[in-house]
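Heads up: the structure comes next, in structure tokens.
Atom set for the values below is all heavy atoms of this structure, side chains included, hydrogens, waters and symmetry mates excluded.
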Amino acid sequence: MLSPSDSQQDPTVADEAFSLENVRVQLGELVILNGVTCRASRGEQVALLGANGCGKTTLCRLLTGHAFAAFGQVRLLGQTLGQADIRSLRRRVAVVAAGLDHATAHVAGAVVDAELNAIEAVCTGFFGSVGLYDRPTSGQRETAVVWLERVGLSHRFDHRVGTLSAGEQRRLVLARALVNDPELLILDEPTTGLDIAGREQMLATLHALRQTPNPPTLLMVTHHVEELPPDTDRVLLMRRGQITFEGKPDDALTPRHLSDVFGCPVFVEKRGRRWWLEVLPEAWLPAHTER
């Protein structure tokens, strides 16, 4: 296995944001990931696509050190998990996940007090806290303002989190995740629950993020093809705990591959720079006629 010092000498490993080699994860007799091998280079935008329950979330938990492989090797930001300080590595990774309600904004396993205003809420990202129990420095507040501006919330500085729309809350959570300049940003179904306008605003924000200096590697986890940003570099297709295909979007997002991933016949096409999926009638017609 490679040690952290080895990775500094190996340009291939140093260029990796993460890699999994023949990884197996199981809970008792239940195998969740089975022989998973994949990688992402630094600065890439990678999509992890698969149906519910296929193992996407477990793969993300591996990358944040909240799940552990029974077999295989996981490298994160050039270091081998199990040989590195996971607490230090976690500070270099940020997660944006769905799951907002009226009282709290769930983010990366924590919650943010919805009574805070937007700047205060983003500042909690510096401390990893629910509320703002520490006084942020002027520099930290300035950084929060910069990121709120970058995600399109400059008109919401003084608004309480609980009064923002779902789409605005999700972009605020993104700003909160970015204040510490993460090297890897994991987006776990970031547009779930958003209306069409909110979804498109979020995707536009992610596109703008890639235009900033030294953007983080993006791993977007979803089961909706239409959510994939047009500038996605590579797609990982996952089914039943295995990566079934890895390649460029035009090669991965085909009717054959996606019918296999979702377990039903689908048609997919690219319109402009976006992909759109339609489930074919054969998927539901037999069940309908049996009734």
Reported [atom1]-to-[atom2] distance for the pair [X] and [Y], which is rounded to 0.5 angstrom:
X	Y	atom1	atom2	result
Lys56	Leu33	NZ	CG	11.5 Å
Leu81	Asp85	CG	CG	11.0 Å
Arg210	Thr205	CZ	OG1	14.5 Å
Leu48	Cys60	CG	SG	6.0 Å

Quick one: do [X] and [Y] end up in the same hydrophobic cluster if we chain Ile, Leu, Val, Met, Phe, Trp and Tyr together by side-chain heavy atoms under 4.5 Å apart?
X	Y	result
Ile243	Val31	no
Val146	Ile119	no
Phe127	Leu148	yes

Less than 4.0 angstrom from a charged side-chain N to a carboxylate O is my criterion; do [X] and [Y] meet it?
X	Y	answer
Glu16	Arg75	yes
Glu246	Arg234	yes
Arg61	Asp188	no
Glu168	Arg156	yes

- request: Tell me, with the steps shown, if Thr212 and Arg150 meet side chain to side chain donor-acceptor pair (under 3.5 Å).
  value: CA-CA 9 Å; Thr212 60; Arg150 288 180 177 175; 5.1 Å; no
Under the 3.5 angstrom rule, does the side chain of [X] hit a backbone N or O of [Y] as a donor-acceptor pair?
X	Y	value
Arg170	Thr192	yes
Arg90	Gly65	yes
Thr80	Gln83	no
Asn180	Gly125	yes
Arg24	Val36	no
Thr217	Gly43	yes
Asp233	Gln45	yes
Arg239	Asp260	yes
Gln211	His207	yes
Gln242	Thr244	no

Contact summary for [X] and [Y], nearest pair of heavy atoms:
X	Y	value
Pro216	Pro182	CB-O, 3.2 Å
Ala121	Leu172	CB-CD2, 3.9 Å
Val235	Pro249	CG2-CA, 3.9 Å
Ala69	Val25	CA-CG2, 4.0 Å
Cys264	Val279	SG-CG1, 4.3 Å
Pro215	Leu209	CB-O, 3.6 Å

Taking side chain as C-beta onward, heavy atoms only, is [X] less than 4.5 Å from [Y]?
X	Y	value
Glu44	Leu218	no
His66	Ile86	no
Gln169	Val161	yes
Lys270	Asp250	yes
Leu277	Phe262	yes
Phe18	Leu184	yes
Pro229	Thr232	yes
Val112	Val122	no

field: Distance-only polar pair, side chains of Arg141 and Thr143, donor-acceptor under 3.5 Å
entry: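 No, no side-chain donor-acceptor contact under 3.5 Å.
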field: Working for side chain to side chain contact (heavy atoms under 4.5 Å, CB included), residues Val23 and Leu59
entry: CA-CA 9 Å; Val23 167; Leu59 190 152; over 6 Å; no
message: Tell me which pairs pass ring-ring contact (aromatic ring centres under 6.0 Å, His included) where either residue lies in residues 212-261, with sequence neighbours left out.
response: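 Listed by first then second residue: Phe245-His257.
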- prompt: What do the steps show when you test Thr222 against Thr191 for side chain to side chain contact (heavy atoms under 4.5 Å, CB included), and what is the final call?
  reply: CA-CA 9 Å; Thr222 183; Thr191 66; 5.8 Å; no
Counterpart residues, salt bridge (Lys or Arg N to Asp or Glu O under 4.0 Å), relative to Glu269 (two or more places apart):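 Salt bridge (Lys or Arg N to Asp or Glu O under 4.0 Å) check on Glu269 returns Arg271.
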More than 12 heavy atoms of other residues, nucleotides or ligands under 6.0 Å from [atom1] of [X]: is that the case?
X	atom1	answer
Lys248	NZ	no
Leu30	CG	yes
Arg240	CZ	no

query: Can you check side chain to side chain contact (heavy atoms under 4.5 Å, CB included) on Phe157 and Asn117, steps first, answer last?
result: CA-CA 7 Å; Phe157 288 159; Asn117 69 35; over 6 Å; no
task: Take Arg274 and Leu203 through the side chain to side chain contact (heavy atoms under 4.5 Å, CB included) test and state the conclusion after the steps.
output: CA-CA 11 Å; Arg274 298 279 291 277; Leu203 295 180; 3.4 Å; yes
task: Run the numbers on Arg42 and Glu183 for salt bridge (charged side-chain N to carboxylate O under 4.0 Å, His left out), then give the verdict.
output: CA-CA 8 Å; Arg42 290 179 184 261; Glu183 296 170 56; 2.8 Å; yes
